[in-house]
Amino acid sequence: MSKANEVPFETTLFVRDTCLCLHLQRAARALARRFDDALRPLGLTSGQYSMMMAMNQPTPPSIGAVASILCVDRTTMTAALKPLERRGLVTVSVDNSDRRSRRLKLTAAGRALLARAVPVWRRTHAEIDGLVPHAGAERLRRDLRALT
C-alpha cells in the first residue's frame, strides 16, 4: 500500500482530540446511559421518555411532528413507538383531516407513567447540571441548540 493511501497516526490523534461529532456522540451515549439507569425502575429508556414528553401536547401531534422534535426519521419513529403502543402507553390513530397522517396520544397510563418519570428526570438532570464546570449547563444547552 502506498503512503498516499495511509492516514498518519498523528491525524488519528488530532481527530480524537478535536472532532465535535465524536465528543458529542460520546457525551450523548454517556448521558443516555445515565438517564436509562435512572428510568429503568419505571420500565422506560431515555429515548422512550423523550418520545413521550414530545407527545405531551394539548392536541395530539402527528408522527412527523414528534419525529421532527426528536430529530429522527418517520421510520425510526414508527418503530420506536411499537413498544410504547404494546404497553398501552400510547395510541396511534388516523388524522381526521388527513387520512395519510397519524396522530399520537398518550393514554391515561402513559400520562401517569410520564408524571412518575418527571421527578426522576429532574433529579438526574440536576446531578448532570452539577457536573458541568462553572455552572455552564445553560451555555452548553444554548451552544448545542445552535448546532441543530
Side-chain angles (χ1 to χ4, degrees), residues 7 9 11-148:
V7 176
F9 183 60
T11 301
T12 300
L13 296 176
F14 177 76
V15 170
R16 179 199 67 191
D17 295 341
T18 62
C19 180
L20 286 174
C21 186
L22 172 63
H23 289 281
L24 284 169
Q25 287 172 336
R26 290 182 66 194
R29 284 192 286 271
L31 288 174
R33 276 193 304 274
R34 189 176 270 245
F35 279 105
D36 285 346
D37 290 345
L39 294 166
R40 188 171 292 113
L42 298 174
L44 287 175
T45 66
S46 58
Q48 290 170 331
Y49 174 82
S50 295
M51 188 178 306
M52 291 174 67
M53 191 56 74
M55 286 183 244
N56 188 43
Q57 299 183 28
T59 305
S62 67
I63 289 178
V66 173
S68 178
I69 290 168
L70 300 174
C71 290
V72 299
D73 59 66
R74 289 176 50 89
T75 304
T76 301
M77 180 74 199
T78 300
L81 280 169
K82 298 292 184 201
L84 297 176
E85 213 176 351
R86 281 193 299 270
R87 286 180 61 190
L89 302 173
V90 173
T91 60
V92 180
S93 60
V94 174
D95 185 326
N96 291 332
S97 62
D98 181 356
R99 309 285 301 163
R100 298 168 298 170
S101 186
R102 301 289 179 265
R103 295 281 171 176
L104 305 175
K105 186 175 181 183
L106 293 171
T107 64
R111 288 190 306 276
L113 181 58
L114 190 59
R116 287 179 42 220
V118 169
V120 173
W121 177 87
R122 286 184 195 274
R123 257 191 323 275
T124 306
H125 209 274
E127 292 168 6
I128 292 166
D129 274 357
L131 296 173
V132 178
H134 309 295
E138 189 52 46
R139 179 176 178 199
L140 176 59
R141 280 187 280 277
R142 186 178 61 246
D143 291 347
L144 291 172
R145 280 191 295 270
L147 297 175
T148 60

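- More than 12 heavy atoms of other residues, nucleotides or ligands sit less than 6.0 Å from atom CZ of R145.
- Two residues are said to be in side-chain contact when any heavy atoms from C-beta on lie closer than 4.5 Å; V92 and T78 fail this criterion.
- Classified by interplanar angle (parallel below 30°, tilted 30° to 60°, perpendicular above 60°), the ring pair F35/H125 is tilted.
- When all heavy atoms are compared, the tightest approach of S46 to D36 is N-OD1, 2.6 Å.
- Of all the heavy atoms in A38 and P41, the pair that sits closest is O-CD, 3.3 Å.
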Can you check side-chain contact (heavy atoms from CB on, under 4.5 Å) on T76 and L70, steps first, answer last?
CA-CA 10 Å; T76 301; L70 300 174; over 6 Å; no
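- In this structure, L44 CG and L89 CG are separated by 7.0 Å, a value rounded to the nearest 0.5 Å.
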Could you give the side-chain donor-acceptor pairs of residues 13-22 under 3.5 Å, partners two or more places apart or in another chain?
| from | atom 1 | to | atom 2 | distance (Å) |
| --- | --- | --- | --- | --- |
| T18 | OG1 | F14 | O | 2.6 |

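- The side-chain contact (heavy atoms from CB on, under 4.5 Å) with Y49 is formed by just one residue from the set L114, L113, L42, V120; it is L114.
- In this structure, the side chains of L131 and E127 stay at 4.5 Å or more apart for every pair of heavy atoms.
- With a 6.0 Å radius and a threshold of 12 heavy atoms from other residues, nucleotides or ligands, R141 has its CZ atom above the threshold.
- The line from OG of S101 to CG of N96 is 10.5 Å long, rounded to the nearest 0.5 Å.
- Panel note: side chain R103, backbone P60; a donor-acceptor pair is recorded below 3.5 Å.
- The side-chain heavy atoms of M53 and I69, taken from C-beta on, include no pair separated by under 4.5 Å.
- R111 places a side-chain N or O within 3.5 Å of a backbone atom of L106 that can act as its donor or acceptor partner.
- Scanning for side-chain hydrogen bond (donor to acceptor under 3.5 Å, both in side chains) contacts around R40 gives D37, with sequence neighbours left out.
- Among all heavy-atom pairs drawn from P83 and Q48, the shortest one is CB-NE2, 3.9 Å.
- Of all heavy-atom pairs between M52 and G110, the closest is CE-O, 3.3 Å.
- Looking at heavy atoms from C-beta onward, R102 lies out of side-chain contact with D95 at the 4.5 angstrom threshold.
- A distance of 12.0 Å separates SG in C71 from CE in M77, rounded to the nearest 0.5 Å.
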Please walk me through it: do E138 and D129 pass side-chain contact (heavy atoms from CB on, under 4.5 Å)?
CA-CA 9 Å; E138 189 52 46; D129 274 357; over 6 Å; no
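- Here the NZ-CZ distance, from K82 to R86, works out to 8.5 Å after rounding to the nearest 0.5 Å.
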Test log, rule side-chain contact (heavy atoms from CB on, under 4.5 Å), inputs T45 and L39
CA-CA 6 Å; T45 66; L39 294 166; over 6 Å; no
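- The nearest pair of heavy atoms linking A54 to V66 is CB-CG1, 3.8 Å.
- Across A109 and G88, no two heavy atoms sit closer than the pair CB-O, 4.0 Å.
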